[in-house]
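I have placed the structure first, in the form of structure tokens, so that the comments after it can refer back to it.
Any value given below was found using the heavy atoms of this structure, including those in side chains, with hydrogens, waters and symmetry copies removed. Both ligands and their constituent atoms are indexed starting at 1 by order of listing.
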Amino acid sequence: MPREHHPDGYRTHARRPIGKRNPEARTDDYDEIWKPDWSPEALQDQGERCVDCGVPTCMSGCPIGNRIPEWNDLVHRSDWKDALAQLHATNNFPEFTGYTCPAPCEDACVLAVNDDAVAIKSIERAIVDKGWEEGWIQPEPPAERTDHRVAIVGSGPAGLAAAQQLNRAGHRVTVYERDDAVGGLMTYGIPDFKFARHRVERRVTQLREEGIQFVMDTEVGTDLTPDQLRAGHDAVCLAIGAQQPRELPVPGTDLDGVMPAMEYLPQENRRRRGQSVPGGVTAKNKNVVVLGGGDTGADCVATAHRQGAEQVVQIGINQQGPSDRPADNPWPQAAQVYEKTYAQQEGGTEEFAVHTQALEDLDGDGHVDELRAERVEWTYENGRRADKTVLNPDLRIPADLVLVAIGFTGPQGNPLASLGVERAEDGTFATDDRLMTDVDGVFAAGDARMGASLVVWAIGEGRDAARQIDRYLTGTSDLPASLQTPNPPLG
Ligand SMILES: Cc1cc2nc3c(=O)[nH]c(=O)nc-3n(C[C@H](O)[C@H](O)[C@H](O)COP(=O)(O)OP(=O)(O)OC[C@H]3O[C@@H](n4cnc5c(N)ncnc54)[C@H](O)[C@@H]3O)c2cc1C
Ligand code: SF4
């Protein structure tokens, strides 16, 4: 039954996002941390909190320009099916974002100036959850096929979004993936308890039924030469991510028990898929140190807790962020404030302003035993660490397992180097504003082009690359642009 809209709904209803399961209970299993159930009526009330402010800053806060006010209103009116159509108009995989996005849209919501933002991410999740439950999400193969063949290299969110868009434009799309499963970091990286495997798998089923071909266990540049790839396709999109880990520049990183986060996390993804992991490492009964404070560090902390770690200490090099927005980070920018991560809510210790000096093997058995560091206080210039005062020069933390999650330096290798594809100084693939590399017909998108970023940006980049590839192949394109990615609307 449609309901009347109250423009002051935000006064009637408090913000109530869907929320997470009890932190103490959830570390006993690998089920998703998110509450599985939500009530349609409660979410309709949340939709009513949208003030339809006229200048939807939330949409500019969302990298793909999701039509947030539209679907807030449709949800409020209980028109879930139209809300789903509006959501899919800008986002191929709204559950990828509805579960994992840090929701910069909410920081930019007009209500967030002096009240609690609309629970946008929860509404997005609810719409797409309902879409799957009701069977509204079905394959949409194109009515007609062109003769153009496109290769997508990499099956993360950027590659999958590009593939779906190009396939819907009628082109013949093949996705090449070096791993044994589709999904990029959504499958091997992000833990199953943050994003369940079946959510990627049912999208892959949809994509296959739409006519997209997947070639797995095939590393472009090794298993398939660049010349073979080019010979079989009219255009190529490099969507290989930016998974090269940043190295920790201190002595002791070659000791046993020290490993990059992206060696550790996929091992657990594989165990969850029922695969054996010969030589794999777990945190059981160990003193674990996680270096790095981002999403990857948090996922390591949470995984170590589920594996039965004795103790988990997460170390950040920077000072702890402020709890309120600083003056140089005003609304509607994404708020640079400290918030306890889901992983820290589950337990462990978090240390800030700790400058690692060495990893030590105290008994000479070749295995790490201790992390040595300075506790410091940093001063910053233009947001970068400039100078430090050492408060404690000899901080020692016991460590049987050190997980290094201090960021990524860019794509792993350059599979199309022999064709002349160049990388920029920062290691990413340089493109022009059509997302084309310096080689005609070779495009790049997602983390491979931007550097390590977010799922929502990867989807937006994949959509934009698809639109540019479509135009490259046919001279024009009806595929839509993403709002914030670098493609201006077609002239
Ligand atoms: C642990 C972790 C947690 C994260 N959590 C979040 C989060 O909560 N929210 C969020 O928004 N973002 C998160 N991110 C970031 C997000 O996962 C990435 O920004 C996003 O996956 C990038 O998508 P992509 O398609 O560009 O690349 P990827 O997802 O990295 O996919 C690239 C794919 O290319 C394949 N590939 C590479 N080289 C080749 C080759 N030569 N031939 C064939 N295939 C190749 C790779 O195997 C991979 O499957 C997280 C990242 C990590 C590492
Ligand atoms: S994709 Fe992210 S930023 Fe965009 S509406 Fe969803 S939660 Fe907000």
To the nearest 0.5 Å, atom CZ of Arg15 lies from atom CG of Asp116 at 6.5 Å
Within a reach of under 6.0 Å around CD of Glu339, are more than 12 heavy atoms found that belong to other residues, nucleotides or ligands?
no
Ranked by distance from atom 34 (O) of ligand 1, the top protein heavy atom is Gly154 CA, 3.2 Å
_Salt bridge or not between Asp45 and Arg49? Use side-chain N to carboxylate O under 4.0 Å._
no
To atom 17 (O) of ligand 1, the nearest of Leu185, Ile240, Ile459 on a heavy-atom basis is Leu185
In this structure, atom 6 (C) of ligand 1 is nearest to the protein heavy atom Asp295 OD2, 3.3 Å
One should read off an interatomic distance between Arg230 CZ and Leu224 CG, to the nearest 0.5 angstrom, of 12.5 Å
Note: Thr218, heavy atoms under 4.0 Å from ligand 1, region reported as backbone
In ligand 1, the atoms that come under 4.0 Å of a heavy atom of Asp179 are 47 (O)
**OP:** Would you please classify the geometry between the Tyr30 ring and the Phe193 ring as parallel, tilted or perpendicular, with 30° and 60° separating the classes?
**Re:** tilted
re atom 27 (O) of ligand 1, the protein heavy-atom contact at minimum distance is Gly241 CA, 3.4 Å
Does a side-chain N-to-carboxylate-O contact under 4.0 Å join Glu124 and Lys121? no
A student checking ligand 1 against Leu265 at a 4.0 Å heavy-atom cut-off should list atoms 1 (C)
Near Tyr176 (heavy-atom distance under 4.0 Å), the atoms of ligand 1 are 43 (C), 44 (N)
- prompt: Do any nitrogen or oxygen atoms of Gly446 come within less than 3.5 Å of a nitrogen or oxygen of ligand 1?
  reply: no
When distances are taken from atom 48 (C) of ligand 1, the protein heavy atom at minimum range is Glu177 OE1, 3.5 Å
Atom 25 (O) of ligand 1: closest protein heavy atom, distance to 0.1 Å, is Ala158 N, 3.0 Å
Note: heavy atom closest to atom 36 (N) of ligand 1, options Glu461, Arg178, Gln412, Met262, belongs to Arg178
For Ile190, the ligand 1 atoms with a heavy-atom partner under 4.0 Å come out as 3 (C), 4 (C), 5 (N), 6 (C), 17 (O)
request  = Using distance alone, with no hydrogens and no angle criterion, decide if Thr218 and Asp223 have a side-chain donor and acceptor under 3.5 Å apart.
outcome  = no
Within the 4.0 Å heavy-atom cut-off, what Thr222 brings close to ligand 1 is neither
| field | Under 3.5 Å: N/O of Thr296 near N/O of ligand 1 | value | no
- Any chance you could lay out the salt bridge (Lys or Arg N to Asp or Glu O under 4.0 Å) test for Arg21 and Asp29, step after step, and finish with the verdict? CA-CA 11 Å; Arg21 295 166 56 215; Asp29 60 49; 2.7 Å; yes
Heavy-atom proximity to atom 5 (N) of ligand 1 ranks first, among Arg449, Lys194, Gln243, Met186, for Lys194
When rounded to the nearest 0.5 Å, the distance separating CD of Glu140 from CG of Leu207 is 11.0 Å
* Test side-chain hydrogen bond (donor to acceptor under 3.5 Å, both in side chains) on Gln336 and Asn329 and set out the steps. => CA-CA 7 Å; Gln336 307 297 330; Asn329 172 221; 5.3 Å; no
For Glu219, the ligand 1 atoms with a heavy-atom partner under 4.0 Å come out as 40 (C), 41 (N), 42 (N)
Looking only at protein heavy atoms, what sits closest to atom 3 (C) of ligand 1 is Asp299 OD2, 3.1 Å
Verify side-chain hydrogen bond (donor to acceptor under 3.5 Å, both in side chains) between Thr97 and Asn91, making sure each step is shown before the conclusion.
CA-CA 9 Å; Thr97 46; Asn91 189 347; 3.0 Å; yes
- Message: Does this structure show an ion pair linking Arg270 with Asp180, if we count only N-O contacts that are shorter than 4.0 Å?
- Response: yes
Next on the checklist: Just so I know, are the side chains of Glu268 and Pro191 near enough to count as touching, which here means a heavy-atom distance under 4.5 Å?
Outcome noted: no
Next item on the list: Show your reasoning for whether side-chain hydrogen bond (donor to acceptor under 3.5 Å, both in side chains) applies to Tyr188 and Gln243.
Entry: CA-CA 11 Å; Tyr188 288 131; Gln243 298 188 19; over 6 Å; no
Tested for salt bridge (charged side-chain N to carboxylate O under 4.0 Å, His left out) against Glu32, the lone hit among Arg197, Arg26, Arg199, Arg125 is Arg199
Within a distance under 2.8 Å of atom 8 (Fe) of ligand 2, the protein atoms of type N, O or S are Cys105 SG
If we only consider heavy atoms of Phe408, is any one of them less than 4.0 Å away from an atom in ligand 1?
yes
Check: Any N/O of Pro157 closer than 3.5 Å to an N/O of ligand 1?
Finding: yes
One finds that the ligand 1 atoms under 4.0 Å from a non-hydrogen atom of Ala239 are 32 (C), 33 (C), 34 (O)
Exercise. Do Thr225 and Gln228 have a side chain donor and acceptor closer than 3.5 Å?
Worked result: yes
A student comparing Gly189, Gly297, Ser453 should find that the heavy atom closest to atom 15 (C) of ligand 1 comes from Ser453
Proximity flag Gly221 to ligand 1, non-hydrogen atoms under 4.0 Å:
no
| request: Check the pair Asp129, Tyr99 against side-chain hydrogen bond (donor to acceptor under 3.5 Å, both in side chains), reporting the backbone distance first and the verdict last. | output: CA-CA 10 Å; Asp129 277 0; Tyr99 283 79; 2.7 Å; yes
Taking only non-hydrogen atoms of Ala458 and a 4.0 Å limit, the atoms of ligand 1 in range are 22 (C), 23 (O)
The closest protein heavy-atom partner of atom 11 (O) of ligand 1 is Val455 N, 3.0 Å
Short version for Ala261: what comes under 4.0 Å of ligand 1, heavy atoms counted, is neither
Any N or O of Val220 that comes nearer than 3.5 Å to an N or O of ligand 1? yes
Requested in this report: Decide, yes or no, whether a salt bridge links Asp432 with Arg434 under the criterion of side-chain N to carboxylate O below 4.0 Å.
Outcome: yes
Interatomic distance, CD@Glu346 vs CD1@Ile33, rounded to 0.5 Å, equals 6.5 Å
Contacts of His88 meeting side-chain hydrogen bond (donor to acceptor under 3.5 Å, both in side chains) (sequence neighbours excluded), chain-then-number -> Arg203
Nearest non-hydrogen protein atom to atom 26 (O) of ligand 1, with distance, is Asp447 N, 2.9 Å
A student checking ligand 1 against Gly184 at a 4.0 Å heavy-atom cut-off should list atoms 29 (O), 31 (O), 48 (C), 49 (O)
